Protein chains: 2
Amino acid sequence: MERGYHHGDLRRALIEAGIELLDDGGVEAAGLRAAARKAGVSHAAPSRHFRDVAAFVAAIAAACFEQLAESMASARMTSSDSVSGFRATGLAYVSFALDHPNRFRVLSHPLVSNKASFPELRDASERTFGVLRQAIIDAQAEGTVRSDDPATVALAAWSMAHGLAILLVDQQLQGKGYAADPQQLTDNILEHLYEGLRPHG
Amino acid sequence: MERGYHHGDLRRALIEAGIELLDDGGVEAAGLRAAARKAGVSHAAPSRHFRDVAAFVAAIAAACFEQLAESMASARMTSSDSVSGFRATGLAYVSFALDHPNRFRVLSHPLVSNKASFPELRDASERTFGVLRQAIIDAQAEGTVRSDDPATVALAAWSMAHGLAILLVDQQLQGKGYAADPQQLTDNILEHLYEGLRPHG
DNA sequence: GGGCCAATGTTGCCAGCGTCTACACTACTC
DNA sequence: GAGTAGTGTAGACGCTGGCAACATTGGCCC
């Protein structure tokens, strides 16, 4: 891991360091200086790669979106039919949130909520959304989901998964009589949504 | 606005100052020192009322939850029947997010996501959720919403409204072929949800 | 090969923040 | 009226993000 004056791929190294810091300290811990320390570089070096801390967090969030999209896409791919693919996509979304709560939270952090300022983040976010939309389009093609405007159906499905994930991650469903097993609960809720999306409603 | 050595009601003053700072600078701007300045008090005074900055933000968030609950409750009250009351509650949720984006964002800010640490915030959050649940229970009593477990239906409805609100606030639906008017879009989406909740589905 | 230049990393500085400690003032109780 | 708990103040510390000046390097052109 020897390096000369120049790092070689500092930008990537900083993002990886940032994700580690994020994982075990939240977004507050993923600062420019902390990441620089972790990458073994001076405190001002990150400024060559990120305009400010918001840009840094945006890059981290974009990377996390890619991971999420990847996980959703592979869940969909390994499903046998379009319906289970649709469900698997939603389950993957919620599972990602439970497995990596801080990565999930950074996706909608106020610091980077203005996606217009961060094209890379906006693109990553739309790619993720696109996985879900594609799952819906497929299900519609097979006639297992009603043929409303796919964008609207995707919005409904995304909202459901997202809302559930937030409540689970923030532990707001504890002791309220919901299913103890998140997997089970997620399945129940998605079933509920699917009910409303079934053809000829 | 003369005051002696003691302020009289500093805690409330700080929260009000915090909300103003929040409105026009986001959570990052709503710091302890900034609020102290705004309240005309020394930088360390807030520590007498808030253990740390997270507790301060939690108090602000609790106040915002109360405002949201109030707005939802009054929207429900001024509706003629249970169905329109249900819809009005959801609309009020989304409208609050659009009218006060930063107040909406603070409700789910990572800094206060662990509601267990902030009982006041958890209570306020549950009161808000309770307004929606009550609207659903009423609609079920009138037979306009299927009689599934109200908590589950509420979770579905909340998720939908929340997901939509987030996407609108973060302007992620721009130029994607959705209805330009948020009000209209919200109504469409809620209609979609209501479709799935109609009795004997 | 040699020289120039843009990119990248370093050092040092500043203001602002949250937090802690010691101190000052006040209000309430006995 | 004295004492004490509650509240506000003053100052310090270490951290942060951000800026400017300087150092080092690699690539490009001649």
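The sequence lines fix the lettering, A, B, ..., with proteins before strands; numbering per chain opens at 1. Keep in mind it's a predicted model, so treat the numbers as computed, not measured.
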Of all residues at least two apart in sequence or in a different chain, which pass the ring-ring contact (aromatic ring centres under 6.0 Å, His included) check with [X]?
| X | result |
| --- | --- |
| Phe56(A) | Phe50(A) |
| His49(B) | none |
| Phe86(B) | none |

With sequence neighbours excluded, tell me which residues meet side-chain hydrogen bond (donor to acceptor under 3.5 Å, both in side chains) with [X].
| X | value |
| --- | --- |
| Arg127(B) | Glu66(B) |
| Arg76(A) | Asp138(A) |
| Gln67(B) | Arg103(B) |

Measure the distance from [atom1] on [X] to [atom2] on [N] and round it to the nearest whole Å.
| X | N | atom1 | atom2 | result |
| --- | --- | --- | --- | --- |
| Arg33(A) | dG9(C) | CZ | P | 16 Å |
| Leu21(A) | dC15(D) | CG | P | 15 Å |
| Leu14(B) | dG18(C) | CG | C1' | 15 Å |
| Leu10(A) | dG9(C) | CG | P | 5 Å |
| Asp9(A) | dT8(C) | CG | P | 11 Å |

Considering every strand and a 4.0 Å limit on heavy-atom distances, what is the contact class for Arg11(A): base, sugar-phosphate, or nothing?
nothing
What pairs of residues pass the side chain to side chain donor-acceptor pair (under 3.5 Å) test when at least one of them lies in residues 159-171 of chain A, not counting sequence neighbours?
Tyr93(A)-His162(A), Arg105(A)-Asp170(A)
Can Gln183(A) and Asp187(A) be said to form a side-chain hydrogen bond (donor to acceptor under 3.5 Å, both in side chains), step by step?
CA-CA 6 Å; Gln183(A) 200 86 354; Asp187(A) 224 53; over 6 Å; no
Would you jot down, in residue-number order, the residues of residues 106-122 of chain B having a non-hydrogen atom under 4.0 Å from DNA chain C?
none
So, with a heavy-atom separation below 4.0 Å from DNA chain D, the residues of residues 42-51 of chain A are His43(A), Ala44(A), Arg48(A)
Please give me every residue in residues 22-32 of chain A whose heavy atoms get under 4.0 Å of an atom in DNA chain D, ordered by residue number.
Gly31(A), Leu32(A)
Suppose the criterion is salt bridge (charged side-chain N to carboxylate O under 4.0 Å, His left out): which pairs have a residue in residues 28-48 of chain B, not counting sequence neighbours?
Glu20(B)-Lys38(B)
Please check if the side chain of Ser147(B) supplies one atom and the backbone of Gly143(B) the other of a donor-acceptor pair under 3.5 Å.
no
According to a strict under-4.0 Å criterion, is Arg37(A) in side-chain N/O contact with OP1 or OP2 of dC15(D)?
no
Non-neighbouring partners of Ala151(A) that pass side-chain contact (heavy atoms from CB on, under 4.5 Å), sequence neighbours left out
Asp149(A), Tyr178(B)
